[in-house]
Engineer: 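Structure in structure tokens, see below.
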Amino acid sequence: MPLRLIFMGTPDFAVPTLRTLAEQGHEIAAVYTRQAKPSGRGMKLRPTPVEQEARRLGVPVLTPKTLKTPGTQAEFCAHHADAAVVVAYGMILPQAILDAPKLGCFNLHASLLPRWRGAAPINRAIMAGDAESGVMVMKMDAGLDTGDVAMTERIAIADAMTAADLHDALAPLGAGLMARAMGALERGELRFTRQGEVGVTYAAKIEKAEARIDWAKPARAVLRHIHGLSPFPGAWCDVPIEGVARVKILRCELAASSGAPGELLDDRLTVACKEGAIRVLELQRAGKQPMKADDFLRGTPLKPPARLS
């Protein structure tokens, strides 16, 4: 028999999993998501991507501010779910919520646990220079991403991958993995492995103070820093145009050049790092849309001996 599920998620990353579980024939009793926030020029309330998908599917949506009140917990229990599926929900689940579904709560996490537990695993994996990432289905417990792991899918991280690229690769991969896990759970065949104690790292939330580019690092470290923060919040530097302007660099590649850190080496936006250099491929000025480097240079020529800082 199909499972009766509660789905808990908020951003775009969670939408493919919700859609896939519904397509697999599971009964989605309710969707829990974060409350709508003001957005755009008119600051109108904009529902989360998960809420929009739930409405399309005709599934009841709940947006509690907290899961800690007795009333909210009683309402959650009243769904009589077999299991809860959690994908980037954005709220900590109290023990009463974890205990409510008879088969447990299952989280889709975008890292190879126990590496990169926490809030920003996609960004941190790229920024750290990891060779691979992945998604895991974990049975949730009271700890921060410490539960037993049921299933894993891996993916290589190329230097050309931005956080957006890795996000877009992992979201459908995770949806398929969770669908397989819920199928195995339905059949009573889902098995679990304890997480190891070796290799635990934490993916702290990205802070704006981290976004400034440090040209005094090796080129590959600079590239991974840029790509790990692309498109948001965007790694930035000061560029000598119209005085000095802050520019986000969104995509780059390694270049076979060298010079003093931050030095512009040619008229193609090749910038020297401590070791080697990177060539800027895509960038964004404040208040402007992202643009290719060639288009930027047609309107704003930059040549040596300019320096980025």
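Model, not experiment: these values are computed from the prediction.
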Engineer: When you look at Asp238 and Arg212, which way does the salt bridge (charged side-chain N to carboxylate O under 4.0 Å, His left out) test go after all the steps?
Structural biologist: CA-CA 9 Å; Asp238 286 331; Arg212 186 164 194 163; 3.2 Å; yes
Engineer: How far does CD1 of Ile126 sit from OG of Ser133, to the nearest 0.5 angstrom?
Structural biologist: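 Interatomic distance, Ile126 CD1 to Ser133 OG, rounded to 0.5 Å: 8.0 Å.
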Engineer: Checking the side chain of Arg187 only, and the main-chain atoms of Gly183 only, is there a donor and an acceptor separated by less than 3.5 Å?
Structural biologist: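 At least one qualifying donor-acceptor pair exists.
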Engineer: To the closest 0.5 Å, what do you measure between OG1 (Thr162) and CG (Asp168)?
Structural biologist: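 Rounded to the nearest 0.5 Å, the OG1-CG separation comes out at 8.0 Å.
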Engineer: Could you tell me which non-hydrogen atom of Ala260 sits nearest to which non-hydrogen atom of Ala272, and how far apart they are?
Structural biologist: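 Reported closest heavy-atom pair: O-CB, 3.2 Å.
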Engineer: Dump the intermediate steps for salt bridge (charged side-chain N to carboxylate O under 4.0 Å, His left out) on Arg268 and Glu253, then the final yes or no.
Structural biologist: CA-CA 12 Å; Arg268 298 179 57 204; Glu253 64 184 4; 5.4 Å; no
Engineer: Shortest non-hydrogen contact from Ala84 to Phe76?
Structural biologist: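 Taking Ala84 first and Phe76 second, the nearest heavy atoms are CB-CZ, 4.3 Å.
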Engineer: Which residue is it: Asp159, Ile213, Ile226? I am looking for the one with a side chain to side chain contact (heavy atoms under 4.5 Å, CB included) to Cys252.
Structural biologist: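 Going through the options one by one, the only one that passes is Ile226.
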Engineer: Could you tell me which non-hydrogen atom of Val50 sits nearest to which non-hydrogen atom of Ala14, and how far apart they are?
Structural biologist: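 Heavy atoms of Val50 and Ala14 come nearest at CG2-CB, 3.6 Å.
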Engineer: So, does Gln284 use its side chain to make a donor-acceptor pair with the main chain of Lys288 at under 3.5 Å?
Structural biologist: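 Here the side-chain-to-backbone pair exists.
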Engineer: Within the side chain of Gln195, is there an N or O that forms a donor-acceptor pair under 3.5 Å with the backbone of Asp145?
Structural biologist: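 Checked: pair present.
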Engineer: Would you say the side-chain atoms of Arg124 pair up with the backbone N or O of Lys205, donor to acceptor, closer than 3.5 Å?
Structural biologist: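 Flag set: sc Arg124 to bb Lys205 pair under 3.5 Å.
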Engineer: Hey, could you give me the CG/CD distance between Leu112 and Glu132, rounded to the nearest 0.5 Å?
Structural biologist: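 CD of Glu132 is found 5.5 Å from CG of Leu112.
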Engineer: Roughly how far apart are Met127 CE and Ile206 CD1, rounded to 0.5 Å?
Structural biologist: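 Rounded to the nearest 0.5 Å, the CE-CD1 separation comes out at 4.5 Å.
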Engineer: For Glu197, does the CD atom sit with more than 12 other heavy atoms under 6.0 Å from it, leaving out its own atoms?
Structural biologist: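 Incorrect, the count does not exceed 12.
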Engineer: Specify whether Tyr89 and Tyr32 have parallel, tilted or perpendicular ring planes, treating 30° as the upper limit for parallel and 60° as the lower limit for perpendicular.
Structural biologist: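 Ring orientation of Tyr89 relative to Tyr32: perpendicular.
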Engineer: Restricting to side chain to side chain donor-acceptor pair (under 3.5 Å), what partner residues turn up for Thr72, sequence neighbours left out?
Structural biologist: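 Thr69.
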Engineer: Can a donor-acceptor pair be found, under 3.5 Å and without considering hydrogens, that links the side chain of Gln35 to the backbone of Thr63?
Structural biologist: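 Yes.
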Engineer: Under 4.0 Å between a side-chain nitrogen and a carboxylate oxygen: does that hold for Asp214 and Lys274?
Structural biologist: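 No.
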Engineer: Donor-acceptor pair, Glu275 side chain versus Ala219 backbone, under 3.5 Å?
Structural biologist: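 No; judged by distance alone, with no hydrogens or angles, the pair does not exist.
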Engineer: Would you confirm whether Gln73, through its side chain, and Ile97, through its main-chain N or O, come within 3.5 Å as a donor-acceptor pair?
Structural biologist: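 Here the side-chain-to-backbone pair does not exist.
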Engineer: With no hydrogens and no angle check, is any side-chain donor or acceptor of His26 less than 3.5 Å from a backbone partner on Thr20?
Structural biologist: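 No: the side chain of His26 does not pair with the backbone of Thr20.
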Engineer: For the pair Glu51 and Lys37, find out whether any cationic side-chain nitrogen is under 4.0 Å from an anionic carboxylate oxygen.
Structural biologist: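 The answer is no: the pair does not qualify as a salt bridge.
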Engineer: Roughly how far, to the nearest 0.5 Å, is CG of Asn107 from CE of Met138?
Structural biologist: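 It comes to 4.0 Å.
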Engineer: Could you verify whether a donor N or O on one side chain and an acceptor N or O on the other, from Thr270 and Ser257, lie under 3.5 Å apart?
Structural biologist: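 No.
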Engineer: Please say whether more than 12 non-hydrogen atoms of neighbouring residues, nucleotides or ligands are located less than 6.0 Å from CZ in Phe232.
Structural biologist: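 No.
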Engineer: Got a sec, which residues hit salt bridge (Lys or Arg N to Asp or Glu O under 4.0 Å) with Arg4, two or more places apart in sequence or on another chain?
Structural biologist: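 Scan of Arg4 (salt bridge (Lys or Arg N to Asp or Glu O under 4.0 Å), adjacent residues dropped) gives Glu27.
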Engineer: Drop me the distance from His109's NE2 to Trp116's CH2, to the nearest 0.5 angstrom.
Structural biologist: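 Reported to 0.5 Å precision, the distance equals 10.5 Å.
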Engineer: State, to 0.1 Å, how close Arg251 and Ala160 come at their nearest heavy-atom pair, and which atoms those are.
Structural biologist: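 Heavy-atom minimum between the residues: NH1-O, 3.2 Å.
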Engineer: Taking atom CD1 of Ile92 as the centre, report whether more than 12 heavy atoms of other residues, nucleotides or ligands fall under 6.0 Å from it.
Structural biologist: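 No, not enclosed.
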